[in-house]
Amino acid sequence: MGAGTQVPQAAAAGVLAGPGVPKAAAAAAGGPAAKLSPDFYSQTCPRAERIIAEVVQSKQMANPTTAAGMLRVFFHDCFVTGCDASVLIAPTRFAKSEKDAEINHSLPGDAFDAVVRSKLALELECPGVVSCADVLALASRVLVTMTGGPRYPVPLGRKDSLSSSPTAPDVELPHSNFTVGRILELFLAKGFTVQEMVALSGAHTLGFAHCQEFASRIYNYRDKTGKPAPFDPTMNPGYAKGLQAACKEYLKDPTIAAFNDVMTPGKFDNMYYVNIERGLGLLSTDEDMWSDLRTRPLVERYAANNTAFFDDFARAMEKLSMYGVKTGADGEIRRRCDAYNDGPTTV
């Protein structure tokens, strides 16, 4: 599929960025990460990672957008109350959940389905042992490596949340129309670094965005002075015109989308940054990372050096996976990922 291909249930683009979390921040967000270990299930469910890998690899082969969707769900989970599977809770007529937040309405069903299928397979082999939060963390790592990205450590032993807020995601998550400055404010306030934000934005080498997410760049564009232009002049003209043609029916069909990385959309590599240098960035946040002096040197570094990108992405993903984890009595091991064992805790 090329840019602008119509994609049913397309995931709207979100800005994937990650934290470098100080110990104090991790503790404040949910508990001591030191209790986690890559060997946490070596005795209780030694085949856990293999089981998850078999399920999500099969899902990715059948639905090649699963990897991008899983990374987005993982980030949306971790950045709101920590990596605790709170985003997986389904709302009921008695209680809303994070899925009710507007920013989460477009989270892709393929990713949720892959987690559910993984959990079902795990429950058959080792019931009540592996948390949904760990399933989500491991599934994300499997799909990054499957699409060509780096393998990184995933410490295990997270517990699943006992609550899920319907309002927190819209407040705490960055939106695709935010400026880089505003996004950095969000992350820096939580103890995250500029480098980690830029490195994890490279996950946009996979996936795509609905036309409505970047329509303001290609239709009825006006610069900061109000002067009209055919499209955002920072964009490559051929690329902008191609998007205009591909998205011309997006108001009638909101599922029409374009790949974030028009060059190698299914491969995890550093082409996202190369594209930004060439005016082939899809979202306004991509252009902002090129024009902002705090982020541009990192974009240039990663565009020139795929190894540097992989190294920094791997470290940042490991840190992201440790953010706000729940351990001990702060959480539970859910029997099914979309529901609490005994109902939500009241806040």
Side-chain angles (χ1 to χ4, degrees), residues 1-5 7 10-17 68 72 148 174-184 194-195 197-250 256-306 308-310 312-313:
M1 291 185 295
T5 302
V7 186
V15 177
L16 184 60
R72 187 162 181 253
H175 295 243
S176 60
N177 62 348
F178 280 8
T179 63
V180 163
R182 188 171 177 185
I183 293 169
L184 287 177
V194 175
Q195 182 183 43
M197 190 274 288
V198 176
L200 284 169
S201 292
H204 278 160
T205 191
L206 302 174
F208 44 83
H210 289 116
C211 293
Q212 63 185 10
E213 297 292 327
F214 53 88
S216 62
R217 301 189 74 200
I218 58 175
Y219 301 124
N220 303 314
Y221 181 82
R222 290 183 180 273
D223 64 21
K224 293 179 181 179
T225 67
K227 183 179 179 181
F231 46 80
D232 183 341
T234 64
M235 299 179 79
N236 176 287
Y239 180 53
K241 291 174 182 177
L243 290 172
Q244 287 175 337
C247 292
K248 62 183 179 181
E249 300 294 330
Y250 84 97
I256 299 176
F259 286 117
N260 293 329
D261 172 5
V262 70
M263 303 303 291
T264 56
K267 183 180 179 182
F268 195 101
D269 57 20
N270 67 333
M271 189 58 68
Y272 169 75
Y273 303 102
V274 176
N275 289 340
I276 291 176
E277 285 188 328
R278 296 174 176 173
L280 300 175
L282 186 63
L283 302 174
S284 60
T285 46
D286 300 332
E287 164 54 27
D288 274 0
M289 282 210 299
W290 182 248
S291 58
D292 193 298
L293 295 180
R294 293 166 293 184
T295 53
R296 180 168 176 162
L298 290 161
V299 172
E300 292 176 325
R301 170 178 165 80
Y302 297 147
N305 190 330
N306 190 67
F309 165 50
F310 275 21
D312 287 354
F313 179 85

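Only heavy atoms go into these numbers, but all of them, side chains included; no hydrogens, no water, no symmetry mates. Owing to the predicted nature of the structure, the values given are computational and were not obtained by experimental measurement.
Val274 has its side chain out of reach of Met263: every pair of non-hydrogen atoms, C-beta onward, lies at least 4.5 Å apart. Put simply, the side chain of Ser284 does not reach to within 4.5 Å of the side chain of Phe178, judged on heavy atoms. Contact check for Trp290 versus Glu300: side-chain heavy atoms found under the 4.5 Å cut-off. Between Glu213 and Asn177, every side-chain heavy-atom pair lies at or beyond the 4.5 Å cut-off.
Between Phe268 and Phe309, the gap from one ring centroid to the other is short of 6.0 Å. When ring centroids are compared, Phe313 and Tyr302 stay outside the 6.0 Å threshold.
With rounding to the nearest 0.5 Å, the separation of OH in Tyr250 from CD in Gln212 is 8.0 Å. In this structure, CZ on Phe259 lies 14.0 Å from NE2 on His204, to the nearest 0.5 angstrom. Considering CE of Met197 and CG of Leu184, their distance stands at 4.0 Å, rounded to 0.5 Å.
No side-chain donor-acceptor contact under 3.5 Å links Ser216 and Arg222. Between the side chains of Thr285 and Asp288, not a single donor N or O lies within less than 3.5 Å of an accepting N or O. Remark: the Asp269 side chain and the Asn306 side chain contain no N/O donor-acceptor pair separated by less than 3.5 Å. Side-chain polar atoms of Tyr239 and Asn275 form no donor-acceptor pair below 3.5 angstrom.
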